[in-house]
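For reference, the structure discussed in these notes is given below.
Within every chain, numbering begins at 1; the chains are lettered A, B, ... in the order of the sequence lines, protein sequences first and strands thereafter.
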Amino acid sequence: MKLIYKVILRASVGMAAIMICWSVLFYFGMIKVINDEIDDILSDFSEQLIVRFLSGEKIPLSADDVTGQYELLKISEDVADELPQVRFEDKEMYIYRIDDHVASRVMKTIFYDNTGQYYQLTAATPSFEKDDIGKSLIWWTISLYALMMIVSIIIYVTVFYRCMKPFYVLIGWLDAYKIGQTNRPLENPTDITEFARLNDVAVRTMRRNEQIYEQQRQFTGNASHELQTPIAICINRMEMLMEDDTLTPQQMEAAAKVLESLGNLQKLNKSMLLLSRIDSGQFPETEKNLSLRTIIDGMIDDYKSIYAHKKIEVEYLPGNDFHCDINRQLATTLVANLLKNAFVHGDNGKIIITLSEQAFTISNGPAKEALDADVVFQRFAQGKHRRNESSGLGLAIVKSICEQFNLSVTYRFIGNYHTFTVEKRQKPDDAPNL
Amino acid sequence: MKILVVEDEKQLREIIKESLQKDRFVVETANDAASASDKLEAYSYDCVLLDIMLPDGNGLDILRKIKQDGRKENVIIISAKDAIDDKINGLDLGADDYLAKPFHLAELSARIRSVARRNNHGGDTTVRIGNLEICPDSREVSVDGKLLDLSRKEYDILEYFINRRGRLINKLTLAESVWGDHIDMADNFDFIYAHIKNLRKKLNEAGSGIEIKSVYGLGYKMEENP
């Protein structure tokens, strides 16, 4: 969820709560004010009537007046004692003047004359429909809420993106950043202290990562380079030893095993050296539109004969070709490693090689289960598929080569076939998505 | 043949010396650029094995000097830097061959022989062993003057053995040389055996005096029948 949606959503919920409280308070407050006003009028009206009545003026027992209508009722002392002297009520009353039942405010006053006779004066005046007020208040609240939300969203979004622009520029930069490669410098001027700090921290972190990466890369490169000579000397010594005709077959066999292990060590070291050289961009010469079909044609027959004992069926149809801009030596390594991978793990199965203008695909199978696509290109990540003849770097080298030449390599498990696809990478969209 | 080995790494220098002496070469060694120059001033050699990275200078400077003085020494560069640039630089300066470290000793002897052959026989690179003649330029092999019909791989294997006769050839090394580096992951070398079998059969039928022997668990060795 985008940050702005989250902000708007939370603000709307908060605003809604505030608006609801506000309208409830407003409703009760308004009713109180209106009632107070009406009660004052009714009090005056009742007082006048009572004064007139007590002064002996003949007034009808019930009548309708401009102010309201009233009714004078004799009551017994017992009833009078039980009731409060003055009380107010809201109720539907029949108002003569309007000739209808309407919501009214009623004031009941209890008093007595000089004979000790108790009376109850009921004075009523039409007031207002609470339902109507409530309904219109709800309606107004909703409309106001909607209006306020629209206005605030516009303000929020404008202010948000104005303020957060440096943040999005930074995200875009970090997203496009590729360690160990040439990256554009961060241009993100801002007068917001926090973002200026964030920029600074991001640049420093990347610089530090870059240094660590460089050190590690150099270390691997130097280590493999330095190992080369001692390994070669060991191999040469063993070879000389084995040319000694006085060796017994047992000694020969032991020596052969040592030599074999040394050979594996040398292969591993060569792969590490190659990987380090690819990563440090030591293969700059790029050939435009190199045809992968030509490269595959050059080695497929060798592979078929080398792995003939594995009884693998190879489906490689003539037709389309995949062209890309790549160093020829590395293109050969790329194809060789993918082919090797398919052949080494393809016992009694089938290998399908497909080329199109868009992609180069090589599948082998059928297999029981998919490999873990997340780690398949990681160095030495062989898991339970480990083979003695494999260094565990083949696919890592493929990935490194692809990255150098703007290609992508992906692994999928399609119809029980392990499928590796090399494609041209789309231009990375590093513009922040505002 | 007299050879000067210029190499700063002691172990490697010694093993190259031992191995070349076994092949009946006369070997002198130098461990830095200064002593190499001194030796080249004082003596002449048939071949110089030159390391590029030396503690007190660049091997390419020695090469330049040899060529400037118009000397006839064949120069084979041996360097750990197998970058294409170095190789081109060396060959441009007039080196006869380039061998990237690490290399197999058998490979080194073969290169020395091949360079010497090229330069000493007026460009005729034909090799004769007993009644067998192999001409690398036309890729033709004949026994008693009769052409042998070999497949591409069989020819490559035979040429590899001829240049390294008498030495033990590791199966893996043979496979890498004939099939290319990309086969190095093969776990089964039956495919080599099939080719060797055919080659043996053809050599026998033609009555050649050479034999490719299997060496237990490791590889092959080519020997001349007395």
Show, in sequence, the C-alpha distance, side-chain angles and deciding distance for B:Asn170 and A:Met238, and conclude whether the side-chain contact (heavy atoms from CB on, under 4.5 Å) test is met. CA-CA 11 Å; B:Asn170 188 328; A:Met238 286 309 293; over 6 Å; no
Could you go through the salt bridge (Lys or Arg N to Asp or Glu O under 4.0 Å) check for B:Lys153 and A:Asp301 one step at a time? CA-CA 12 Å; B:Lys153 292 282 184 252; A:Asp301 288 335; over 6 Å; no
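At a 4.5 Å heavy-atom cutoff, the contact between B:Glu9 and chain A is made by side-chain atoms alone. Proximity to chain B is absent for every atom of A:Leu339, based on heavy atoms less than 4.5 angstrom apart. Both the backbone and the side chain of A:Met240 come within contact range of chain B, judged by heavy atoms closer than 4.5 Å.
Contact check on B:Lys221 versus A:Asp245 returns a salt bridge, with a Lys/Arg side-chain nitrogen under 4.0 Å from an Asp/Glu carboxylate oxygen.
Looking at A:Ile235 and B:His104, their side chains come closer than 4.5 Å, going by heavy atoms from C-beta outward.
A distance of 6.5 Å separates CG of A:Asn236 from CZ of B:Phe103, quoted to the nearest 0.5 Å.
Take B:Asp156 and apply the salt bridge (charged side-chain N to carboxylate O under 4.0 Å, His left out) test, not counting sequence neighbours, and it matches B:Arg139. Checked against ring-ring contact (aromatic ring centres under 6.0 Å, His included), B:Phe25 has no partners two or more places apart in sequence or in another chain. A search for ring-ring contact (aromatic ring centres under 6.0 Å, His included) contacts involving A:Phe283 returns nothing, not counting sequence neighbours.
Atom NZ of A:Lys257 sits in a sparse spot, with 12 or fewer heavy atoms from other residues, nucleotides or ligands closer than 6.0 Å. Residue-environment remark: CG (B:Asp149) stays at or below the threshold of 12 foreign heavy atoms within 6.0 Å. Atom NZ of B:Lys65 has 12 or fewer heavy atoms from other residues, nucleotides or ligands within 6.0 Å. For OH of A:Tyr213, the number of neighbouring non-hydrogen atoms (other residues, nucleotides, ligands) closer than 6.0 Å is greater than 12.
Chosen from A:Met242, A:Gln266, A:Arg237, the residue pairing most often with chain B at heavy-atom distances under 4.5 Å is A:Arg237.
Within residues 13-24 of chain B, the residues having any heavy atom closer than 4.5 Å to a heavy atom of chain A are B:Glu14, B:Ile15, B:Glu18, B:Ser19, B:Lys22, listed by residue number.
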